[in-house]
Amino acid sequence: MDVYGLTGGIGSGKSAAAEIFEDCGIPVVSADELSRVVVTPGSEGLGAVVAAFGEGVLDDNGELNRRKLGAVVFKDPSLRQKLESILHPRIRERFQDVLATLSATGHKLVVYEVPLLFETGLDKQVKAVILVSAPEAQRIARVVTRDRLTEPEVRARLAAQLDDASRRARAHFILENDKDLGHLKQQVLELLPALRNGAIPRPAGEARPAVPPPPPRPAAGGPPRPPPLPKP
(Lines give C-alpha, C1' and ligand atoms only; values in the text may rest on other atoms or scores of the structure.)
Protein backbone atom coordinates (compact mmCIF):
# COMPACT_ATOMS: atom_id res chain seq x y z
CA MET A 1 0.00 0.00 0.00
CA ASP A 2 1.29 3.45 -0.94
CA VAL A 3 0.89 6.06 1.80
CA TYR A 4 1.08 9.72 0.76
CA GLY A 5 1.50 12.36 3.44
CA LEU A 6 -0.77 15.42 3.22
CA THR A 7 0.42 18.39 5.24
CA GLY A 8 0.40 22.17 5.51
CA GLY A 9 0.44 24.91 8.10
CA ILE A 10 -2.56 25.85 10.17
CA GLY A 11 -5.25 27.40 7.97
CA SER A 12 -3.68 26.19 4.73
CA GLY A 13 -6.70 24.08 3.76
CA LYS A 14 -5.53 20.52 4.42
CA SER A 15 -9.01 19.40 5.39
CA ALA A 16 -10.52 20.85 2.22
CA ALA A 17 -7.95 18.97 0.14
CA ALA A 18 -8.59 15.80 2.16
CA GLU A 19 -12.31 15.99 1.39
CA ILE A 20 -11.56 16.28 -2.32
CA PHE A 21 -9.34 13.20 -2.20
CA GLU A 22 -12.11 11.29 -0.43
CA ASP A 23 -14.64 12.43 -3.04
CA CYS A 24 -12.30 10.92 -5.63
CA GLY A 25 -12.37 7.55 -3.86
CA ILE A 26 -9.02 7.87 -2.05
CA PRO A 27 -9.23 6.97 1.66
CA VAL A 28 -7.88 9.69 3.93
CA VAL A 29 -6.76 9.12 7.50
CA SER A 30 -6.60 12.24 9.69
CA ALA A 31 -3.96 12.45 12.42
CA ASP A 32 -6.14 15.06 14.14
CA GLU A 33 -9.04 12.62 14.28
CA LEU A 34 -6.75 9.90 15.63
CA SER A 35 -5.50 12.34 18.27
CA ARG A 36 -9.09 12.78 19.44
CA VAL A 37 -9.67 9.04 19.54
CA VAL A 38 -6.65 8.38 21.77
CA VAL A 39 -7.85 10.89 24.40
CA THR A 40 -11.52 9.91 24.66
CA PRO A 41 -12.93 9.89 28.22
CA GLY A 42 -11.69 6.89 30.17
CA SER A 43 -8.78 6.24 27.78
CA GLU A 44 -5.21 5.67 28.85
CA GLY A 45 -4.18 8.59 26.66
CA LEU A 46 -6.47 11.07 28.42
CA GLY A 47 -5.28 9.81 31.78
CA ALA A 48 -1.67 10.49 30.75
CA VAL A 49 -2.55 14.01 29.56
CA VAL A 50 -4.34 14.85 32.81
CA ALA A 51 -1.45 13.44 34.85
CA ALA A 52 0.94 15.70 32.94
CA PHE A 53 -1.12 18.91 32.72
CA GLY A 54 -3.73 18.70 35.45
CA GLU A 55 -7.51 18.52 35.45
CA GLY A 56 -7.73 22.12 34.30
CA VAL A 57 -7.46 20.89 30.70
CA LEU A 58 -10.81 19.07 31.01
CA ASP A 59 -14.24 20.54 30.35
CA ASP A 60 -17.31 20.12 32.55
CA ASN A 61 -18.08 16.76 30.90
CA GLY A 62 -14.66 15.31 31.65
CA GLU A 63 -13.53 15.60 28.04
CA LEU A 64 -10.29 17.17 26.88
CA ASN A 65 -10.67 20.89 26.23
CA ARG A 66 -8.30 21.25 23.31
CA ARG A 67 -8.42 25.04 23.33
CA LYS A 68 -7.36 25.21 27.00
CA LEU A 69 -4.61 22.69 26.40
CA GLY A 70 -3.45 24.53 23.29
CA ALA A 71 -3.24 27.81 25.20
CA VAL A 72 -0.80 26.12 27.56
CA VAL A 73 1.43 24.11 25.25
CA PHE A 74 1.81 26.60 22.40
CA LYS A 75 3.45 29.07 24.78
CA ASP A 76 6.10 26.65 25.99
CA PRO A 77 8.03 24.36 23.61
CA SER A 78 8.97 21.98 26.44
CA LEU A 79 5.31 21.46 27.34
CA ARG A 80 4.43 20.95 23.71
CA GLN A 81 7.12 18.27 23.46
CA LYS A 82 5.73 16.62 26.58
CA LEU A 83 2.27 16.49 25.03
CA GLU A 84 3.68 15.10 21.76
CA SER A 85 5.53 12.38 23.66
CA ILE A 86 2.17 11.28 25.09
CA LEU A 87 0.09 11.49 21.94
CA HIS A 88 2.35 10.58 19.03
CA PRO A 89 3.15 6.96 19.98
CA ARG A 90 -0.56 6.28 20.54
CA ILE A 91 -1.49 7.96 17.25
CA ARG A 92 1.12 5.89 15.36
CA GLU A 93 -0.22 2.68 16.86
CA ARG A 94 -3.80 3.55 15.94
CA PHE A 95 -2.72 4.54 12.42
CA GLN A 96 -1.10 1.14 11.86
CA ASP A 97 -4.38 -0.50 12.87
CA VAL A 98 -6.28 1.64 10.33
CA LEU A 99 -3.74 0.84 7.60
CA ALA A 100 -4.11 -2.88 8.24
CA THR A 101 -7.88 -2.58 7.86
CA LEU A 102 -7.62 -0.57 4.63
CA SER A 103 -5.10 -3.01 3.17
CA ALA A 104 -7.33 -5.97 4.03
CA THR A 105 -10.18 -4.36 2.11
CA GLY A 106 -8.06 -4.00 -1.03
CA HIS A 107 -7.01 -0.36 -0.99
CA LYS A 108 -3.69 0.31 -2.71
CA LEU A 109 -3.35 4.02 -1.94
CA VAL A 110 -4.10 6.10 1.14
CA VAL A 111 -3.55 9.73 2.10
CA TYR A 112 -2.42 10.47 5.65
CA GLU A 113 -3.32 14.02 6.72
CA VAL A 114 -0.74 15.15 9.30
CA PRO A 115 -0.25 18.81 10.32
CA LEU A 116 3.21 18.16 11.81
CA LEU A 117 4.41 15.70 9.18
CA PHE A 118 7.92 17.15 8.82
CA GLU A 119 8.26 18.10 12.48
CA THR A 120 7.66 14.49 13.57
CA GLY A 121 9.83 12.90 10.88
CA LEU A 122 6.88 11.17 9.22
CA ASP A 123 7.92 12.58 5.84
CA LYS A 124 10.57 9.83 5.77
CA GLN A 125 7.94 7.13 6.29
CA VAL A 126 5.56 8.01 3.44
CA LYS A 127 5.98 7.49 -0.28
CA ALA A 128 5.80 11.22 -1.00
CA VAL A 129 4.60 14.47 0.57
CA ILE A 130 1.72 16.60 -0.71
CA LEU A 131 1.81 20.15 0.66
CA VAL A 132 -1.19 22.46 0.80
CA SER A 133 0.11 26.02 0.80
CA ALA A 134 -1.42 29.48 1.15
CA PRO A 135 -0.14 32.98 2.03
CA GLU A 136 0.30 33.52 5.76
CA ALA A 137 -2.14 36.44 6.00
CA GLN A 138 -4.82 34.33 4.31
CA ARG A 139 -4.17 31.42 6.67
CA ILE A 140 -4.41 33.64 9.75
CA ALA A 141 -7.69 35.14 8.59
CA ARG A 142 -9.15 31.67 7.97
CA VAL A 143 -8.23 30.38 11.44
CA VAL A 144 -9.46 33.52 13.24
CA THR A 145 -12.84 33.04 11.54
CA ARG A 146 -12.98 29.24 11.80
CA ASP A 147 -11.72 28.67 15.33
CA ARG A 148 -12.65 32.02 16.92
CA LEU A 149 -9.06 32.56 18.00
CA THR A 150 -7.30 35.89 18.30
CA GLU A 151 -4.53 36.75 15.85
CA PRO A 152 -1.84 36.41 18.59
CA GLU A 153 -3.17 32.92 19.40
CA VAL A 154 -2.95 31.94 15.76
CA ARG A 155 0.56 33.35 15.44
CA ALA A 156 1.63 31.32 18.47
CA ARG A 157 0.51 28.18 16.65
CA LEU A 158 2.29 29.28 13.50
CA ALA A 159 5.49 29.76 15.48
CA ALA A 160 5.26 26.17 16.73
CA GLN A 161 5.23 24.82 13.17
CA LEU A 162 7.80 24.63 10.40
CA ASP A 163 7.77 27.68 8.16
CA ASP A 164 6.14 27.32 4.75
CA ALA A 165 9.33 27.96 2.78
CA SER A 166 10.95 24.94 4.44
CA ARG A 167 7.89 22.81 3.74
CA ARG A 168 7.87 23.81 0.08
CA ALA A 169 11.52 22.89 -0.30
CA ARG A 170 10.88 19.38 1.05
CA ALA A 171 7.51 18.58 -0.53
CA HIS A 172 7.14 16.44 -3.65
CA PHE A 173 3.80 17.96 -4.71
CA ILE A 174 2.37 21.40 -3.87
CA LEU A 175 -1.30 22.39 -3.96
CA GLU A 176 -1.74 26.18 -4.02
CA ASN A 177 -4.82 27.03 -1.97
CA ASP A 178 -4.85 30.79 -2.47
CA LYS A 179 -8.01 30.96 -4.59
CA ASP A 180 -11.40 29.22 -4.45
CA LEU A 181 -12.29 25.59 -3.79
CA GLY A 182 -12.65 24.88 -7.50
CA HIS A 183 -9.04 25.86 -8.08
CA LEU A 184 -7.91 23.50 -5.34
CA LYS A 185 -10.06 20.66 -6.69
CA GLN A 186 -8.62 21.03 -10.18
CA GLN A 187 -5.10 20.65 -8.80
CA VAL A 188 -6.05 17.49 -6.91
CA LEU A 189 -7.59 15.99 -10.04
CA GLU A 190 -4.43 16.76 -12.01
CA LEU A 191 -2.33 15.16 -9.27
CA LEU A 192 -4.21 11.86 -9.01
CA PRO A 193 -2.65 10.13 -12.06
CA ALA A 194 0.85 10.71 -10.69
CA LEU A 195 -0.14 9.27 -7.30
CA ARG A 196 -1.73 6.20 -8.86
CA ASN A 197 1.27 5.64 -11.12
CA GLY A 198 3.81 6.27 -8.37
CA ALA A 199 5.54 8.97 -10.44
CA ILE A 200 7.35 10.94 -7.74
CA PRO A 201 9.36 14.07 -8.62
CA ARG A 202 12.38 15.21 -6.67
CA PRO A 203 11.54 17.73 -3.89
CA ALA A 204 12.24 21.30 -4.94
CA GLY A 205 14.89 21.84 -2.28
CA GLU A 206 16.62 18.49 -2.49
CA ALA A 207 20.28 18.80 -3.32
CA ARG A 208 21.27 17.55 -6.74
CA PRO A 209 24.32 15.34 -7.07
CA ALA A 210 27.43 17.33 -7.83
CA VAL A 211 28.43 17.32 -11.48
CA PRO A 212 32.20 17.30 -12.01
CA PRO A 213 33.47 20.25 -14.07
CA PRO A 214 34.61 19.48 -17.61
CA PRO A 215 38.36 19.10 -18.15
CA PRO A 216 40.15 22.31 -19.13
CA ARG A 217 40.36 22.91 -22.85
CA PRO A 218 43.83 22.89 -24.36
CA ALA A 219 45.34 26.23 -25.34
CA ALA A 220 45.18 27.38 -28.94
CA GLY A 221 47.52 25.39 -31.15
CA GLY A 222 47.14 22.26 -29.07
CA PRO A 223 49.12 21.02 -26.07
CA PRO A 224 52.91 21.50 -26.09
CA ARG A 225 54.86 18.59 -27.53
CA PRO A 226 57.15 16.68 -25.19
CA PRO A 227 60.87 17.18 -25.84
CA PRO A 228 62.46 14.60 -28.18
CA LEU A 229 64.15 11.62 -26.61
CA PRO A 230 67.97 11.71 -26.74
CA LYS A 231 69.52 9.60 -29.50
CA PRO A 232 71.39 6.53 -28.36
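Reckoned from all heavy atoms, side chains included, excluding hydrogens, waters and symmetry mates. Heads up: numbering here begins at 1 and tracks the sequence.
Using a 4.5 Å heavy-atom threshold, the side chains of L58 and F53 count as separate. In this structure, L117 and D123 have side chains that are in contact, with non-hydrogen atoms separated by less than 4.5 Å. Side-chain contact between H172 and K127: absent, with no pair of heavy atoms (C-beta onward) separated by less than 4.5 Å. Contact check for L64 versus L46: side-chain heavy atoms found under the 4.5 Å cut-off. The shortest side-chain heavy-atom distance between V126 and Y4 does not fall under the 4.5 Å cut-off. The side-chain heavy atoms of V144 and T150, taken from C-beta on, include no pair separated by under 4.5 Å. The shortest side-chain heavy-atom distance between L87 and V49 falls under the 4.5 Å cut-off. Between K68 and V72 there is no side-chain heavy-atom pair separated by less than 4.5 Å.
Looking at D147, its side chain never comes within 3.5 Å of a backbone N or O of L149 through a donor-acceptor pair. Although no hydrogens or angles enter the test, the distance criterion places no donor-acceptor pair under 3.5 Å between the side chain of N65 and the main chain of V57. Not one N or O on the side chain of S103 forms a donor-acceptor pair closer than 3.5 Å with the backbone of A100. Checked by atom type and distance alone, the side chain of E113 never pairs as donor or acceptor with a backbone atom of A18 at under 3.5 Å. Although no hydrogens or angles enter the test, the distance criterion places no donor-acceptor pair under 3.5 Å between the side chain of R170 and the main chain of P203. When atom types are taken as modelled, the side chain of T120 and the backbone of L116 share a donor-acceptor pair closer than 3.5 angstrom. Without hydrogens or angle criteria, N61 side chain to E63 main chain gives no donor-acceptor distance under 3.5 Å. Checked by atom type and distance alone, the side chain of T145 pairs as donor or acceptor with a backbone atom of A141 at under 3.5 Å. When atom types are taken as modelled, the side chain of T40 and the backbone of R36 share no donor-acceptor pair closer than 3.5 angstrom. Formation of a donor-acceptor pair under 3.5 Å by the R90 side chain with backbone atoms of I86 is found in this model.
When L195, I174, T7 are each tested for a side-chain contact (heavy atoms from CB on, under 4.5 Å) with I130, only one passes: L195. With Y112 as the partner, the side-chain contact (heavy atoms from CB on, under 4.5 Å) test is satisfied by one option alone out of V28, L34, L6, L99: L34.
Between M1 and V110 the shortest heavy-atom distance is SD-CG1, 3.7 Å. Here the closest non-hydrogen pair linking S12 and R142 is O-NH1, 3.2 Å. Across all non-hydrogen atoms, the minimal contact from P201 to A199 is CD-O, 3.6 Å. Across every non-hydrogen atom of A17 and V132, the tightest pair is CB-CG2, 3.9 Å. In terms of heavy-atom proximity, G11 sits nearest to V143 at CA-CG2, 3.5 Å.
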Test side chain to side chain contact (heavy atoms under 4.5 Å, CB included) applied to H88 and R92, step by step: CA-CA 6 Å; H88 289 174; R92 283 195 294 269; 3.8 Å; yes
From CA spacing to verdict: side chain to side chain contact (heavy atoms under 4.5 Å, CB included), L189, C24: CA-CA 8 Å; L189 294 176; C24 294; 3.7 Å; yes
CA sep, side-chain torsions, deciding dist, call: R167, S133, side-chain hydrogen bond (donor to acceptor under 3.5 Å, both in side chains): CA-CA 9 Å; R167 292 192 194 95; S133 183; over 6 Å; no
Candidate pair D76 and S78, rule side-chain hydrogen bond (donor to acceptor under 3.5 Å, both in side chains), full reasoning: CA-CA 5 Å; D76 187 332; S78 65; 2.6 Å; yes
Candidate pair L102 and V98, rule side chain to side chain contact (heavy atoms under 4.5 Å, CB included), full reasoning: CA-CA 6 Å; L102 290 172; V98 173; 4.1 Å; yes
Residues T101, H107; criterion side chain to side chain contact (heavy atoms under 4.5 Å, CB included); working and verdict: CA-CA 9 Å; T101 300; H107 288 285; over 6 Å; no
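Under a hydrophobic clustering in which Ile, Leu, Val, Met, Phe, Trp and Tyr are joined whenever their side-chain heavy atoms come within less than 4.5 Å, directly or via other members, F21 and V29 fall into different clusters. Residues I26 and L191 fall within the same hydrophobic cluster, defined by Ile, Leu, Val, Met, Phe, Trp and Tyr side chains chained together at heavy-atom separations under 4.5 Å. Both L175 and V111 belong to a single network of hydrophobic side chains, linked directly or stepwise wherever heavy atoms of I, L, V, M, F, W or Y lie under 4.5 Å apart. Residue L192 is not grouped with residue V129 when hydrophobic side chains (ILVMFWY) are merged at heavy-atom distances under 4.5 angstrom, including chains of intermediate members. One hydrophobic cluster holds both L162 and V73 under the rule that ILVMFWY side chains link at heavy-atom gaps under 4.5 Å.
Taken from CD1 in I91 to CZ in R94, the straight-line distance is 10.5 Å, to the nearest 0.5 Å. In this structure, CG on L131 lies 12.0 Å from CZ on F173, to the nearest 0.5 angstrom. For the atom pair NE2 of H183 and CD of E176, the computed distance is 7.5 Å after rounding to the nearest 0.5 Å. Taking CZ from F95 and CD from Q125, the interatomic distance works out to 9.5 Å, rounded to the nearest 0.5 Å. The structure places CG of L158 at 5.0 Å from CZ of R139, a figure rounded to the nearest 0.5 Å. Taking CZ of R157 as the start and CD1 of I140 as the end, the distance is 12.5 Å to the nearest 0.5 Å.
Salt bridge annotation for R155-E136: present, with a cationic side-chain nitrogen under 4.0 angstrom from a carboxylate oxygen. With respect to K108 and D2, no salt bridge is recorded, no charged nitrogen being found less than 4.0 Å from a carboxylate O.
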